[in-house]
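Below is one structure, written out as structure tokens; comments come after it.
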Amino acid sequence: MASKKTDGLGPNTRLAHSGNDPRDYFGFVNPPVVHASTVLYPDAATMVTRNQRYTYGTRGTPTTDALAAAIDELEGSAGTIIVPSGLAAVTIPLLGFLAAGDHLLITDAVYFPTRHFADTMLKRLGVEVEYYDPLIGGGIAELLKPNTKVILTESPASNTFEVQDVPAIAAAAKTCDAVVMMDNTWATPLFFKPLDHGVDISIHAATKYPAGHSDVLLGTVSANAATWERLHAAFITLGCCSGPDDVYQVLRGLRTMGTRLARHQQSALEIARWLERQPGVAAVLHPGLESHPGHAIWKRDFSGSSGVFSIVLDGGGTRAAHAFLDTLQIFGLGYSWGGYESLAVPVTLSDRTVSRTPYPGPVIRLQIGLEDVEDLKADLARGLDAARSHDEIADGEP
Ligand SMILES: *Cc1c(COP(=O)(O)O)cnc(C)c1O
């Protein structure tokens with residue numbers, strides 16, 4: 001299928017025109033949503049050689065190809081697989097590239113279900129799992145072993161937003177031929193292109209900004225030329241294909257992702273700066289803020305920031321955090337992010353093993369949605385008031 005060439009064009013132009021070519025479908029702007037298992041062959045010989053564009057529903061359709069081609073253009077990748085969730089986008093490449101006896105390095109500040117997968121299923125299969133400090137940078141060379149096969153990074157970190165020196169980690173990995181995978185969900189390929197920084201495989205929970213409406217689960221995994229064949233083989237072997245309606249919804253979401261992200265970025269930065277000045281807030285963990293310890297690396301490598309960051313309350317424990325959360329009226333209490341609506345989540349850091357930063361109070365993650373900033377500020381101000389007065393009551397208790 002011919003995809004229109006959008007090389008050299010701006011990100012929003014690419015988002016509007018990448019993926020499918022309307023001339024493939026009678027001029028309709030969007031590709032068809034192909035519901036398919038069986039594909040027919042014209043004759044027995046073709047059937048035996050499977051020498052035709054599509055062969056079976058699990059192996060791809062014009063709908064999945066359109067989304068994969070659009071993602072390839074954004075990532076600069078040789079190929080992209082589309083899987084049923086962001087978590088599957090992490091587990092499938094790990095299963096594809098690891099075997100018993102291999103050593104896997106994972107950032108300690110990784111998305112928790114990724115850690116759970118590594119600590120349970122990968123360990124059971126005989127993989128040696130080791131966590132590294134997200135701030136390790138080129139120091140990761142000291143952790144490399146002859147059997148290190150994969151390094152899994154995620155930057156900025158889940159919940160605490162440490163920025164990793166991805167180019168330094170990738171350069172170290174080259175010395176032992178380890179495959180570098182990166183969960184790039186926070187930045188989207190609009191704000192960070194992992195393959196341009198030495199990463200081999202870029203992972204996305206398309207559930208987040210690409211889908212954008214809290215109604216679809218999907219993952220994408222994009223590989224460079226060196227790793228594509230093996231990644232694709234793992235995908236075919238595991239049979240983890242996705243439903244066509246969900247795939248289509250993500251392609252639809254991509255068309256407006258740049259516009260949505262611009263607003264998420266602007267609103268989140270404005271609210272983060274405002275929160276830095278509010279009583280009751282000890283710190284704002286947002287890499288786009290000059291106060292953030294990882295700001296310089298973020299500025300060097302990233303071209304923008306999305307709408308998710310955390311705040312650290314100035315003292316108080318679980319009860320202050322719950323008072324804050326329970327007072328919010330616009331922010332919903334719910335997991336995931338990347339949708340149009342604002343969300344808040346209490347952060348638990350008990351899973352960390354090597355990067356235990358002592359925060360002065362509870363950490364709360366915020367996803368800034370597309371609502372009006374003044375309304376969101378008023379909601380957060382109410383929450384902070386509640387957290388503070390809760391503290392005072394608690395302090396006054398005998
Ligand atoms: C949400 C998320 C995932 C998992 O995505 P799902 O589609 O919810 O399974 C993976 N990695 C990161 C960084 C995420 O934020």
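Both counts, for ligands and for their atoms, begin at 1 and track the order of listing. What you are looking at is a predicted structure, and each value in this text was computed from that prediction instead of being measured.
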Using the salt bridge (Lys or Arg N to Asp or Glu O under 4.0 Å) rule, take E374 and K377 through it: C-alpha gap first, then chi angles, then the decisive distance, then the call. CA-CA 5 Å; E374 292 311 315; K377 282 184 186 168; 3.6 Å; yes

Any side-chain donor-acceptor pair under 3.5 Å between T80 and E75? no

Any heavy-atom pair between the side chains of H197 and F192 that's under 4.5 Å? yes

Any idea which protein heavy atom is nearest [atom], and the distance to it?
atom: atom 9 (O) of ligand 1; result: L87 N, 2.9 Å
atom: atom 4 (C) of ligand 1; result: Y111 OH, 3.3 Å
atom: atom 14 (C) of ligand 1; result: K208 NZ, 2.8 Å

Flag T207 as yes when one of its N or O atoms lies below 3.5 Å from any N or O atom of ligand 1, and as no otherwise. yes

Side chain to side chain contact (heavy atoms under 4.5 Å, CB included) test vs F331 passes for just one of L366, I364, L343, namely L366

Identify, by atom number and element, the atoms of ligand 1 in contact range of [X], meaning under 4.0 Å from any of its heavy atoms.
X: E154; answer: 13 (C)
X: G86; answer: 4 (C), 5 (O), 6 (P), 7 (O), 9 (O)
X: W337; answer: 15 (O)
X: L217; answer: 7 (O)
X: S85; answer: 7 (O), 9 (O)

Of S18, S222, S77, which is the lone residue that meets side-chain hydrogen bond (donor to acceptor under 3.5 Å, both in side chains) with D72? S77

Are R230 and F97 in a cation-pi contact, defined as NZ or CZ under 6.0 Å from the six-membered ring centre and within 45° of the axis? yes

Going by heavy-atom distance to atom 11 (N) of ligand 1, choose the closest among T185, T114, D183. D183

